[in-house]
Amino acid sequence: MIIDKEEIRKKKKKLDDCKAYLKKEFIGIDKIIDDIMEYIQIWYLMPEILTRPVVINLWGMTGVGKTDLVRKMVRFLDFQNRFVEIELSNTDETSWSKSVSDILQTNGLSDEKPSIALFDEIQRINTIDPDGIPVPQTKFTDFWELLSDGRLSKREREDLEHYLFSYLFRKKENDRRKQNGETELDENPYLNLWDAKELKKYLSMDDDVMSIIDMKEEDMIKLIRKKQKEKKIYEPVDYSKMLIIISGNLDEAFQMSRETSEADVDANIYHAFTKKITVVDIKNALARKFRPEQVARFGNIHLIYFSLKTEDFHKLIQREINNLKHKTKTKFGVSLKINKAINELIYRNGVFPVQGVRPVFSSVVDILDTNLSKFLFEAIIHEDKNIEIDYLQDKNIEIDYLQDKKIITGKMGSRTIEIPYLGRIDSIRQANQQDAVANISVHECGHAVSYMLYTGFAPLQLKSKVASSYAAGFTFPHQIHDTKESILNRIKIYLAGGIAEEIIFGNQHASIGRSHDREQATSLVIDFIRKYGFEEEYQAAYNLEAYPHRMQQHITDERIETLMQELVQKTREDLILHLDLLKNMSKTLSKKGSMSPKEIYDIAVKHQLEVSIKEEGYLHITNYHDLLNS
């Protein structure tokens, strides 16, 4: 094999340029881009030395740019005509193809030259159900063959015999109809478009389909007989020069993708949680969808997309604004200066951390493009070359979003336009009734005060006004390592919301918002006794369900109820001891709708409660290392 060093240098330059291009196009995934470019280097520079395909797996929540990244990479590397995008599914009845081999052959990728295949939404072709039972499969079973060694079988010898027999049978039937004087004969009874495509695949022909249709009968039969004698058409196709990219959303690994109130949870919290997901988590998630030998065939190149940080979303919004400014200047000769109030408006109404970037693009159009078109119209009509969006108190401002009045104002020269505007998500938050917010604030502050008492640090987020059709709130905790002590503390934290309502509003006015909390607390108490054996009087495992080992669970019921009552009493006593803190924090939360860890910390310190602030992703765990070595 002769190696053309100059050609390799050119390709390496192209690869480096591609990396730089992708980093400009995508925000917050530089590490993913670096890794992909590293893993495809050998495939792109020297595919001749590959003996099996390169398999790269991309995992992440929806909207993080997995598919778009691959498409833009393919386009930059000029591989559009050597690229196929495939969605495999157990339930898709719309696809004519039943095998990966058919799809690759149809797209002209069976010539054993370098190519790229993207298998998207791979979770849809699960081979075991949630109970671990194998799912019957009739389609795309050769996908696993492709991943195994990069070789896919061609047609069997009988397939070609059947094809020729079918052709000759139709010819004979048409001749019989002619002899019987029938006039309505098939215009081309022997070879239709579908047959020609099949023949092209069977024989791996380079001819186009129309030229195959136009072949003379004797030439076609002669060609089939000739090809039947060649071993090549029966040998597996070698796809070792293929770059296989597998993409999917694994809810089993990205459990936060199902979180409620996702428009209100801080993006940095989701980012911190996704950063903790490892290859082991991905393989465990795959093992709940695929058989062990299939999980192994995904290989070990698993690239995990983190959800975007708050900073990333702000960069994305600014990039979209810059694009709009450039487009406006280029098309209309009008300069735009965008105020940060617009950025904040877009962020509040367009960022759903678990849904990725798509809602942001939609909100930029809804908030900025639509309303600015009215200002641009006025500017063009009056030949004003400068439109400015700036702060209200600055005397040079010309366009702004006034949060208190809920209007976007635009001033061009001496003209001023006001457009009433309330963000779609802002309007939902605003709709929460004052009394409901007060109730929720006390409930959530009950959780928060208990959380600080039992962990020693402020919760990550505290909310009583969220984007929901009904009034709701949440207290977002850190990750807590389960121990005997921490489980009892978690139970008290769950119970504290409803108890805080009783203390502040009286027993008669406590709401039913405690139902889910009580279910979680009860579940933990049951496990505390029946599963973990943390009570000395009950050391057998009373949680076993399989007969004949199942214990009589009613034996522990009395102690479960007693322990719940003890924890309720302890939680009530602790909250009453810190009643002033509970009241003041509740009033602050009710007024503001949300509190940051720093705001929670400040009010706790004023009430002589020592707490600290821990970052997102912090794991609260006993100092076992020091205990071991003390």
Side-chain angles (χ1 to χ4, degrees), residues 253 255-256 259 266 268-281 284 444-462 474-497 499 517 519-543 556 559-560 562-575 577-578 581 597-598 600-601 604-605 607-630:
Q255 291 185 6
M256 69 290 299
E259 291 287 345
D266 192 313
N268 286 339
I269 295 176
Y270 283 123
H271 177 77
F273 274 76
T274 53
K275 277 187 73 174
K276 288 181 174 289
I277 298 172
T278 67
V279 172
V280 174
D281 296 318
N284 287 338
E444 294 304 331
C445 284
H447 290 313
V449 170
S450 291
Y451 186 81
M452 291 189 285
L453 288 174
Y454 304 136
T455 66
F457 39 84
L460 288 168
Q461 221 179 343
L462 189 57
F474 61 82
T475 305
F476 212 108
H478 298 77
Q479 290 176 287
I480 298 176
H481 179 69
D482 282 339
T483 64
K484 180 177 181 178
E485 180 183 38
S486 73
I487 289 175
L488 291 175
N489 286 337
R490 282 175 60 198
I491 294 168
K492 289 184 282 187
I493 293 168
Y494 275 124
L495 295 171
I499 293 172
D517 295 336
E519 289 172 7
Q520 295 297 314
T522 304
S523 177
L524 282 174
V525 170
I526 290 171
D527 285 345
F528 186 87
I529 295 174
R530 290 179 179 169
K531 185 175 182 179
Y532 304 130
F534 284 143
E535 289 273 297
E536 291 183 7
E537 295 84 356
Y538 305 98
Q539 286 302 297
Y542 286 82
N543 67 312
T556 64
R559 178 54 188 150
I560 288 170
T562 303
L563 181 55
M564 278 287 285
Q565 292 181 13
E566 291 172 1
L567 294 173
V568 166
Q569 183 59 31
K570 174 60 175 167
T571 305
R572 186 185 306 277
E573 292 171 358
D574 288 340
L575 287 176
L577 283 173
H578 297 85
L581 170 60
K598 179 64 168 62
I600 298 169
Y601 169 85
V605 169
H607 289 79
Q608 290 75 51
L609 182 61
E610 291 187 12
V611 297
S612 58
I613 297 175
K614 300 294 183 183
E615 72 282 358
E616 303 92 352
Y618 172 80
L619 174 63
H620 184 45
I621 185 171
T622 304
N623 198 339
Y624 290 110
H625 182 269
D626 288 349
L627 290 175
L628 176 63
N629 291 286
S630 62

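FYI, the numbering just counts along the sequence from 1.
No side-chain donor-acceptor contact under 3.5 Å links Asp482 and Tyr532.
Under the 3.5 Å distance criterion, the side-chain polar atoms of Glu610 are left unmatched by any main-chain donor or acceptor of Gly456. Side chain of Ser630 to backbone of Leu627: a donor-acceptor contact under 3.5 angstrom is found. The backbone N or O of Gly617 lies less than 3.5 Å from a partner atom in the side chain of Lys276, making a donor-acceptor pair. With hydrogens and angles disregarded, no donor-acceptor distance shorter than 3.5 Å links the side chain of Gln608 to the backbone of Ala604.
One finds the CG atom of Leu453 at 8.0 Å from the CG atom of Leu581 (value rounded to the nearest 0.5 Å). Note that the CD atom of Glu566 and the CD1 atom of Ile491 stand 11.0 Å from one another [nearest 0.5 Å]. The CG atom of Asn543 lies 8.5 Å from the CZ atom of Arg530; values are rounded to the nearest 0.5 Å. Here the OG1-CD1 distance, from Thr483 to Ile621, works out to 9.0 Å after rounding to the nearest 0.5 Å. One distance of note links CG of Leu577 with CZ of Arg572; it measures 13.0 Å at 0.5 Å rounding. Separating the CD atom in Glu535 from the OH atom in Tyr542 is a distance of 12.0 Å, to the nearest 0.5 Å.
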Worked verdict on Asp574 versus Val449 for side chain to side chain contact (heavy atoms under 4.5 Å, CB included): CA-CA 9 Å; Asp574 288 340; Val449 170; over 6 Å; no
Criterion side chain to side chain contact (heavy atoms under 4.5 Å, CB included) on Phe457 and Tyr601, from CA distance to verdict: CA-CA 8 Å; Phe457 39 84; Tyr601 169 85; over 6 Å; no
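A search for side-chain hydrogen bond (donor to acceptor under 3.5 Å, both in side chains) contacts involving Ser523 returns nothing, not counting sequence neighbours. Partners of His625 according to the ring pair (Phe, Tyr, Trp, His ring centres under 6.0 Å) rule, which considers only residues two or more places apart in sequence or in another chain, do not exist here. Residues meeting the side-chain hydrogen bond (donor to acceptor under 3.5 Å, both in side chains) test with Thr278, sequence neighbours left out: Asp281. Gln569 meets the side-chain hydrogen bond (donor to acceptor under 3.5 Å, both in side chains) test with Glu573; sequence neighbours excluded. The ring pair (Phe, Tyr, Trp, His ring centres under 6.0 Å) search around Tyr494 returns none, not counting sequence neighbours.
Counting only heavy atoms from C-beta outward, the side chains of His447 and Phe474 never approach each other to under 4.5 Å. In this structure the side chain of His478 never reaches within 4.5 angstrom of the side chain of Thr455, judged on heavy atoms.
For Ile600 against Pro459, the heavy-atom pair with the smallest separation is CD1-CG, 3.8 Å. The shortest non-hydrogen separation linking Cys445 to Leu462 is SG-CD2, 4.2 Å. Listed here is the closest heavy atom pair of Ala458 and Pro597: CB-O, 3.9 Å. Across Ile499 and Val568, no two heavy atoms sit closer than the pair CD1-O, 3.7 Å. Taking every heavy atom of both residues into account, Asp266 and Asn268 meet most closely at OD1-N, 2.7 Å. The two residues Leu460 and Pro477 come nearest to each other via the heavy atoms CD1-O, 3.5 Å.
The pair Arg559-Glu537 does not count as a salt bridge, with every side-chain nitrogen at least 4.0 angstrom from each carboxylate oxygen.
The aromatic rings of Phe528 and Phe534 are tilted relative to each other, their planes meeting at an angle between 30° and 60°.
Among residue pairs with one or both ends in residues 611-620, none qualify as side chain to side chain donor-acceptor pair (under 3.5 Å); sequence neighbours excluded.
By the 6.0 Å contact criterion, CD on Glu485 is open, its count of non-hydrogen atoms from other residues, nucleotides or ligands being 12 or less.
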